Number of protein chains: 2
Amino acid sequence: MALDHAILVSLLEKPGSGYELARRFERSIGYFWTATHQQIYRVLKRMESDGWIDVRDVPQQGRPDKKEYSVAGPGRDALSAWLGEPIEPESVRHDLAVKIRGAAFDDPAALIGEVERHRRAHTDRLAHYLAGEARDFGEPGRPFDGPPDAERELQHVVLRGGIAYERMMIAWLDDVLATLARFEAGH
Amino acid sequence: MALDHAILVSLLEKPGSGYELARRFERSIGYFWTATHQQIYRVLKRMESDGWIDVRDVPQQGRPDKKEYSVAGPGRDALSAWLGEPIEPESVRHDLAVKIRGAAFDDPAALIGEVERHRRAHTDRLAHYLAGEARDFGEPGRPFDGPPDAERELQHVVLRGGIAYERMMIAWLDDVLATLARFEAGH
DNA sequence: ACACTCATGTAACAGGTTACATGATTAC
DNA sequence: GTAATCATGTAACCTGTTACATGAGTGT
């Protein structure tokens with residue numbers, strides 16, 4: 001049920017169309033939650049008929065018209081209620097770990113290329129996160145001015161989580177590569 | 001489709017019943033893949049009818065009889081084929097990150113208890129992993145004896161991944177707690 | 001008696017994935 | 001012309017979750 005809430009949070013941060021939400025789920029929110037446009041349109045339709053969100057037709061020039069969604073009272077209440085409920089520390093799913101343990105019954109060295117591919121994907125994502133952090137949270141001339149901005153600081157701490165995750169993964173994949181190298185032919 | 005492969009790997013490591021597999025998915029394999037017994041029985045039935053695995057009725061005394069599954073030729077081939085295919089670096093799903101960004105529109109400080117609960121769950125898991133590592137990979141009198149054992153070393157590197165993940169999470173949750181504390185009432 | 005472990009399942013439903021479909025505008 | 005972006009959807013299917021169901025044996 002958390003896709004509903006992820007969409008509500010995104011719409012609170014900024015109202016937008018299903019298409020725009022789908023794009024956000026490829027970027028910022030996509031760092032910790034994925035969803036395709038098909039899923040998003042389905043959930044938007046349900047939340048609209050439940051009165052959680054409002055729609056507004058927005059005519060555009062040079063582009064197709066769009067429907068802009070924003071969070072209504074009941075949607076906000078639903079989000080609040082969910083925030084108050086405890087959630088279980090999430091279950092993990094690492095295909096790569098299954099492959100690594102499975103490689104013991106095949107050719108471990110054959111997995112090296114695959115692990116390297118994943119390592120590249122993670123270094124790319126790390127670079128992307130770090131660029132985003134510098135852009136959005138670089139605060140060049142903003143030392144001690146005013147009260148903390150919750151939205152901004154909470155977005156930043158989530159991004160720091162993504163950065164920590166990518167760094168951890170890169171270090172671990174290096175460990176995996178070193179381990180696999182011990183099983184290469186001729187050794 | 002990777003539950004199939006996770007089960008195949010587990011059965012290659014050691015043949016067993018659906019019930020035993022379900023228990024393994026709460027422990028060792030469960031570190032990186034979760035599955036309930038209902039899912040497992042469904043997949044076992046399908047893999048058996050596809051000839052990927054063999055069944056053997058094992059009568060037991062003092063306990064109900066069980067069906068012991070083991071991997072057959074076609075199952076091994078299917079696993080090999082899957083190991084050779086590239087997989088996409090996995091998509092993440094962090095309910096807690098959704099909550100943290102959502103807290104900006106509610107009461108950020110109200111999330112502290114929840115984050116502390118998660119932190120406790122992760123320190124517990126870390127302790128559990130470390131105990132397992134000491135037990136299974138402590139190698140007290142085993143410095144340079146013989147060739148590397150692929151199954152054992154690959155299980156160990158996957159476990160090290162779990163340990164790195166829990167350590168990263170604990171450090172990040174501390175960061176989150178420090179951030180949330182800035183929004184507490186009276187500050 | 002009651003709860004727990006071992007052991008195997010069915011059924012209904014919710015959620016996620018993949019494929020297909022349409023149509024306008026902009027850039028090369 | 002061809003591809004890419006913007007924009008919204010339907011349909012079929014596969015996976016995962018939750019609830020229900022049964023039944024023997026062990027421990028308190």
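The sequence lines fix the lettering, A, B, ..., with proteins before strands; numbering per chain opens at 1. The structure presented is a predicted model; accordingly, all values stated were derived computationally and were not measured.
- Per the geometry, CD belonging to E68(B) stands 16 Å off P belonging to dC6(C), to the nearest Å.
- The separation between D65(A) atom CG and dT22(C) atom P is 21 Å, rounded to whole Å.
- Ion pairing between R46(A) and D4(A) holds under the 4.0 Å rule for side-chain N and carboxylate O.
- Computed from coordinates, the Y41(A) OH to dA11(D) C1' distance equals 17 Å when rounded to whole Å.
- A donor-acceptor pair shorter than 3.5 Å cannot be found between the side chains of R56(B) and S70(B).
- When the nucleotides dA7(C), dT18(D), dG16(C) are ranked by their closest atom to the side chain of Q39(A), dG16(C) comes out on top.
- Y31(B) and H128(B) have perpendicular rings, their planes meeting at more than 60° on a 0 to 90° scale where under 30° would count as parallel.
- Per the geometry, CD1 belonging to I40(A) stands 11 Å off P belonging to dT8(D), to the nearest Å.
- Rounded to a whole Å, the NE2 atom of H37(A) is 14 Å from the C1' atom of dG23(C).
- We find that CD of E88(B) is positioned 13 Å from P of dT17(C), with the value rounded to whole Å.
- The existence of a salt bridge linking E48(B) and K45(B) is excluded, since no basic side-chain nitrogen approaches an acidic carboxylate oxygen closer than 4.0 Å.
- For the segment residues 13-27 of chain A, the set of residues with a heavy atom within less than 4.0 Å of an atom of DNA chain D comprises S17(A), G18(A), Y19(A), R23(A), in numerical order.
- Picking from dA7(C), dT17(C), dT18(D) the nucleotide with the shortest atom distance to the side chain of R42(A) gives dT17(C).
- For dT15(D), the base has no donor-acceptor partner in the side chain of R46(B) [N/O atoms by modelled type, under 3.5 angstrom].
- Between K66(B) and E20(B) there is a salt bridge, since a side-chain N of the basic residue sits under 4.0 Å from a carboxylate O of the acidic one.
- Side chain R93(B) to base dG15(C): no donor-acceptor pair is found below 3.5 Å.
- Checked by distance alone, R63(A) brings no side-chain donor or acceptor within 3.5 Å of a matching partner on the base of dT8(D).
- Nearer the 5' end of DNA chain C, as judged by each residue's closest nucleotide, is the contact made by D4(A), out of D4(A) and G62(A).
- With salt bridges taken as basic N to acidic carboxylate O contacts below 4.0 Å, one links R119(A) and D174(A).
- Remark: K45(B) is not in phosphate contact with dT8(C), judged by side-chain N or O atoms under 4.0 Å from OP1 or OP2.
- One atom, CH2 of W33(B), and another, P of dT15(D), lie 11 Å apart when rounded to the nearest Å.
- Between the P atom of dA14(C) and the CG atom of D50(A) lies a distance of 12 Å, rounded to the nearest Å.
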After noting the C-alpha distance and the side-chain angles of Y69(A) and D54(A), does the key distance pass the side-chain contact (heavy atoms from CB on, under 4.5 Å) rule?
CA-CA 6 Å; Y69(A) 293 93; D54(A) 294 323; over 6 Å; no
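- Residue contacts for Q60(B): at a heavy-atom cut-off of 4.0 Å it reaches the sugar-phosphate backbone alone, with no base atom in range.
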